[in-house]
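Following: one structure in C-alpha cells, then a few remarks.
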Amino acid sequence: MFESVIGRKRTGCVTAPLPFGDLPAPFRGAPAIGPEFSGGAAAEICARVCETRAIDPVSRTVDLGRCIFCGLCEEACRGKGIRFSSDPHLPCGTKEHLILGATPPPLPKADRTLASLLGGSLHLREVSAGGCNGCDLEVQATGNPVFDLQRFGIDFVASPRHADGLLVTGPVTRNMREALIKTYEAVAEPRLVIAIGACAISGGIFRGSYAVEDGVGEVIPVDLYIPGCPPHPSTILYGILDFFGRYPGRKPSRGGSLHGAGGEEESA
Ligand code: SF4
C-alpha cells in the first residue's frame, strides 16, 4: 500500500493538457497540400497510388473521410504534393469539411438543441459496427489517465436509453445495420451521432463491398465526422470538444458549450 502511494507520487500527473501536443509515430496527422499538388502534376502521381480513391486528380482534392493515412501518396510524390504532419488537429465536422483543397462551406449556425445536450455532460453509447476494432481501441484509450475524457464531462454508458448520442465505428456491415438503427431509435431526442474513422465515414477499405453499407451516414443521420485510420485519442477528443466550441485556441466548428465554457454568444 505504502509502495503504491510512493509509486503514484513518483509518476506524478500524466494527464495531457490542452491543446494536445504532436502525435507519436507511427500516427500521421493533418496533411498539408503543396503547390505541386494544386498545380496538377503531383495530384496525378498521388491519385495513382491511392487505394481508397481519396485523391481526386481532377478537382485536386483529398477526401480525409476516405483517407486511411497509409502515406503512399507522400512517398510517391516525395513529399512535394502531400506531406503528413504530426498535428492531431485534423479537420472534423460535416463530410464537406473533410475535403482538403476545396473551399470549405461556411460553418453551420450553432445547433442550440445539440449544444444544450452538453450543458453539463455528454453520455455516449459506442456502437462497433463491423470494423477492425482499431478505432475502438483508440476510443477506449480516450478514457485512460493520459487523455481522461471524463474531465470534460464526457462518458460512455452501457444503455442507449441513458445516452445523449451514439459514437459509431466501422463501415456498418449488413449484419449490424438493424442493430445500429434500433440503438439509434432507443436514444431519446435530440440525439448526437458521431462517426469515427475512415470506415464509419465512407466505408474505408471496405467501401463497395457487398457486405457493408459504406459508412454510418448511409444508415442514420450523422452530426460529426472525425477522420483517421484509426484516429488518435487526441484527435477524437479534439473533434468532440471543437464541435462544441470547447477546444482552446480554436474557433468552434458548430458552437455550443460544455461545462459553461465556449458559450452560445461565441457560436452564434
Ligand atoms: S495517405 Fe490517404 S490519400 Fe494518401 S494514398 Fe493513402 S489513403 Fe490515399
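Note that the structure is predicted; figures quoted are calculated from it, not measured. Atoms within each ligand, like the ligands themselves, are counted from 1 in listed order. Positions are given from 1 along the sequence.
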Give the atom numbers and elements of ligand 1 that come within less than 4.0 Å of a heavy atom of [X].
X: Cys73; result: 1 (S), 3 (S), 4 (Fe), 5 (S)
X: Thr52; result: 7 (S)
X: Ile68; result: 2 (Fe), 7 (S)
X: Ile55; result: 3 (S)
X: Cys50; result: 3 (S), 5 (S), 7 (S), 8 (Fe)
X: Phe84; result: 1 (S)

- Message: Test your reading of the model: is there a side-chain donor-acceptor pair from Arg207 to the backbone of Ser202, 3.5 Å cut-off?
- Response: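 Yes; at least one donor-acceptor contact below 3.5 Å.
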- Any sub-3.5 Å donor-acceptor pair from Thr15's side-chain atoms to Pro145's backbone N or O? yes
- May I ask you to check if Arg191 and Tyr184 form a cation-pi contact, with NZ or CZ under 6.0 angstrom from the six-membered ring centre and within 45° of the axis?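 Satisfied, under 6.0 Å and within 45°.
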Answer yes if the side chains of [X] and [Y] hold a donor-acceptor pair under 3.5 Å, and no otherwise.
X: Asp136; Y: Thr169; result: yes
X: Tyr247; Y: His89; result: yes
X: His97; Y: Thr94; result: yes

- What is the closest protein heavy atom to atom 6 (Fe) of ligand 1, and at what distance does it sit?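 Answer, as residue, atom name and distance: Cys70 SG, 2.3 Å.
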- Query: Do any of the N, O or S atoms of Cys46 sit under 2.8 Å from atom 4 (Fe) of ligand 1?
  - Reply: no
- Message: Within 2.8 Å of atom 2 (Fe) of ligand 1, is there any N, O or S atom belonging to Cys67?
- Response: yes
- Message: Minimum heavy-atom separation for Cys73 and Phe84, please, with both atom names.
- Response: SG-CE1, 3.9 Å
